[in-house]
2 protein chains.
Amino acid sequence: MGVGYEIFEKFFAPSSIALIGASPVKGTIGRAIMDNLIERFKGRIYPVNVKYDEVLGFKAYKSCAELPETPDLVVVAVPAKVVPSVLDECGLRGVKAAIVISAGFKEVGPQGEMLEKELVSIARKHGMRVIGPNCLGIYDAYTGLDTIFNPSDRQSKPLPGDVAFISQSGALGAAVLDWLSEAGVGMSKFVSFGNAADVKEWELIEFLAYDPKTKVILAYIEGVEDGRKFLNSIKTAVKLGKPVVILKAGKSEKGMKAVASHTGSLAGSYQVYEAALKQAGAIVVKELNELILVAKALSWLPVPKGNNLAIVTNGGGAGVLATDAAELEGLKIVELSSEVKEYLRRELPPAASVQNPVDILGDAPPARYKIAVEAVLKDDNVDLVLVITLMQSPAFEPLGFVKELSTLVKSYRKPVVLASPGGSYTERHIETLEREVKIPAFKTPEEAIKALKYVFLWSEISKRHTS
Amino acid sequence: MGVGYEIFEKFFAPSSIALIGASPVKGTIGRAIMDNLIERFKGRIYPVNVKYDEVLGFKAYKSCAELPETPDLVVVAVPAKVVPSVLDECGLRGVKAAIVISAGFKEVGPQGEMLEKELVSIARKHGMRVIGPNCLGIYDAYTGLDTIFNPSDRQSKPLPGDVAFISQSGALGAAVLDWLSEAGVGMSKFVSFGNAADVKEWELIEFLAYDPKTKVILAYIEGVEDGRKFLNSIKTAVKLGKPVVILKAGKSEKGMKAVASHTGSLAGSYQVYEAALKQAGAIVVKELNELILVAKALSWLPVPKGNNLAIVTNGGGAGVLATDAAELEGLKIVELSSEVKEYLRRELPPAASVQNPVDILGDAPPARYKIAVEAVLKDDNVDLVLVITLMQSPAFEPLGFVKELSTLVKSYRKPVVLASPGGSYTERHIETLEREVKIPAFKTPEEAIKALKYVFLWSEISKRHTS
């Protein structure tokens, strides 16, 4: 691969790390990152701060020069104006990887821009790679490296898994991280890359394309400097069998202006972007919640053969809404095979509908779900299954349902998702189902259909692009 | 008004009610409705069942004829085939309002259709109005009348408020009721009207148009019999200043087929429907979650003067996404007045953006939110305000924030909504904000923008249609 893979490895799995600006003072970024490292990072930790001899029980150093070894990674959280000199010192010490958390660069105007240019030239001089500045840095769920300095009671972080996420916006990235964690999506690596002064988004995507822990790549992008390299990195990932999901901000004219005042990026015409991204094999999502939805779907579901959908529901109305959504999203409400229909006619109550959507009626117990869901999973005509449960029904029995569905989903390699509109009882059981069975579960038929659409879309893309 | 208003009143606020099919046996519909009535209904309750002398402490009667008075309302929950004779008996007793819960009519085929015709002719003969059959009936949050028989641990119901909801689908209606309750939306009346054999959806809308407890009318519709009357009822409500929000199922070809096998309704071309509905002044939503979103927005927010939007955010990325969504939905990211911009430049940190979206930076405490939100609320150029909080930030202080925002929202009569992407910490505080301040709060900028779009749309409709 084209990027310095060994250096990039150091960003995520360093053996040793120096935190420049480490602090024992609560409420400081230097303290929050120290806390994170102490809690989970397994390598050697070197706090660096001229003011202290010791930080939270770790011997502290005045500068990078004094360290007993060259750290694999330095994390810089000091005021912007001293960042260049600090980086220069690190470079002289032989450091090859640095994350600059500090803000106050390109995003604040011409003076910051000059400072950022200086930062880049120092990095180049030493052959050092820099993530940032103006970023939250990295969370690696496997190695425990974590520079996200938000308080842990308000910012949760996903368990190890196969979804990677890179974000041009730190705050939004952290919010998505928090949401992914809440949604039970496992993560490999998160990178808030900020101003991308040195390490670019395309390098991260290319690195993740080769990362064995990563199966799905998500990216929040405002603007890119080199469109061709960006598209090539996506092509590389897709060719290697990894979906790349892009949420591109700055879609509208005013949105592009807002991008300029946020990260100083130039956001080109969205239509041009979108067409090029799709051409390269990216999955382009339009709204924030789709990032979460797609992450779940691509991480948890097998790749379907086609877009033939069967719906099993205990409520006719929700089945109709799902049917509408399916047609809108390009999924096909398939004609079930005559054997399956005959079987269902025999096994289900007379008032049930054995057409697709299969309506197993409001009084359906788990056993009836088993009959219908298994029948459609067995049907060779069916590629995708949506199960709808209106859990308010007295006949619904959550434990039995989860058990039946769990067994079925494990036995048939077809994507199954759930839709369950409702309140707190429903929400609780949706969570159980997601946690225990890893079936993507949503409050609306429309979201569930979108999840299926995206796994189908990925199956189409991978047929076209995968080598 | 055109409908028998007095009879309709009896459906929601009867002084006495007979439950035909009342039962002490757990798990039966007759028992569940008895439980509901005993718990909250304040009028006289008469259980009717040939099998019992007493049901749950109430003297039971063999038939309607035996009752000590003519009940204002009967609720019928007996097998379909005996419904006509039961209704005939009630009619002879002078009953004028009946809810038929029982299924097994038009929706099951030709035989059921005949039974339904019989039901209608009996009702006509006695001048009796019938809601249903094949429905869940009514929930009136004020009078406590409640025939929704789902178990209370899995089906919650909204507190008294000003949103009414009628649903052609019972199960979906109940799920929405549950969701509205969870979302903290107060409700006046809910009607699951099932097959609409006698009482039609247009009559319910017309009744609700005149109902002093109702401010917003929601409707889930699969198909209507008389399009002109349906549209006229919407016009009536709109003319009286009440928004009518329609979720119409059967939008696609397959969806129309699914409707036919669900309620036996004929769903006409959606495009024709949609155009006619909009022409009549309805707010047409496309997805289930929009029903909840619009209910909150129209119930809680004042009517705006125009579509000029200001955004205040502690994260640039989320501000960009909101800007994109606003342009897409037809809201205008307004140029703030020069006084406001100067004021913000003076009061906010130098790195903040005083353009719209106003970026008050990741370290914004509640006091900074107050400065910015109050400034844009005061700006005559601004009609609508979106506040974005990335609550993962260490500087965010939820109690202070809720207090500041609450005071501001009460002082300025402009719609304000919140967007806060994140996990469980964020969700908890979103709920607090909604409960305590009645500010519609969403996990994504896109949903928040939609809420504002709909209040703006309503302001436009009401300008055009209100007398």
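Per chain, numbering begins at 1; letters A, B, ... match sequence-line order. Treat the numbers as computed from the prediction; the structure is a model and nothing was measured.
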So which atom in [X] and which in [Y] form the shortest heavy-atom distance, rounded to 0.1 Å?
{"X": "B/G255", "Y": "A/T323", "answer": "N-CG2, 3.4 Å"}
{"X": "B/D178", "Y": "A/G423", "answer": "OD2-N, 2.8 Å"}
{"X": "A/A318", "Y": "B/L172", "answer": "CB-CD1, 3.8 Å"}

Inset, instruction - Mind running side chain to side chain contact (heavy atoms under 4.5 Å, CB included) on B/Y220 and A/L321 for me, showing each step along the way? - result: CA-CA 10 Å; B/Y220 169 80; A/L321 290 177; 4.1 Å; yes
[X] [atom1]: over 12 foreign heavy atoms closer than 6.0 Å:
{"X": "B/E397", "atom1": "CD", "answer": "yes"}
{"X": "B/K341", "atom1": "NZ", "answer": "yes"}
{"X": "A/E427", "atom1": "CD", "answer": "yes"}

Per-residue contact mode, [X] against chain A (heavy atom under 4.5 angstrom):
{"X": "B/N356", "result": "neither"}
{"X": "B/S424", "result": "both"}
{"X": "B/L247", "result": "side chain"}

Legend entry - Between A/Q155, A/E182, A/H429, the one whose heavy-atom pairs under 4.5 Å with chain B are most numerous: A/E182
Legend entry - When A/A351, A/P394, A/A395, A/A322 are compared by non-hydrogen pairs under 4.5 Å with chain B, the top option: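 So the answer, after comparing A/A351, A/P394, A/A395, A/A322, is A/P394.
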Supply the atom-to-atom distance [X] [atom1] to [Y] [atom2], rounded to the nearest 0.5 angstrom.
{"X": "A/I449", "Y": "B/E287", "atom1": "CD1", "atom2": "CD", "value": "11.0 Å"}
{"X": "B/D324", "Y": "A/M256", "atom1": "CG", "atom2": "CE", "value": "8.5 Å"}
{"X": "A/M391", "Y": "B/N150", "atom1": "CE", "atom2": "CG", "value": "13.0 Å"}
{"X": "B/K254", "Y": "A/E335", "atom1": "NZ", "atom2": "CD", "value": "6.5 Å"}
{"X": "B/Q392", "Y": "A/K157", "atom1": "CD", "atom2": "NZ", "value": "10.5 Å"}
{"X": "A/S420", "Y": "B/W179", "atom1": "OG", "atom2": "CH2", "value": "11.0 Å"}

Inset, instruction - Mark yes or no for whether A/R154, through its side chain, and B/T426, through its backbone, hold a donor-acceptor pair below 3.5 Å. - result: no
Inset, instruction - For residues A/L288 and B/P445, determine if any side-chain heavy atom of one lies less than 4.5 Å from a side-chain heavy atom of the other. - result: yes
Among [options], which residue has the highest count of heavy-atom pairs closer than 4.5 Å to chain A?
{"options": "B/G104, B/A175, B/A171", "value": "B/A175"}
{"options": "B/S393, B/G362, B/A183, B/P398", "value": "B/S393"}
{"options": "B/K286, B/E446, B/E447", "value": "B/E446"}

Inset, instruction - Examine the side chains of B/T444 and A/N289 and answer whether a donor and an acceptor come within less than 3.5 Å of each other. - result: no
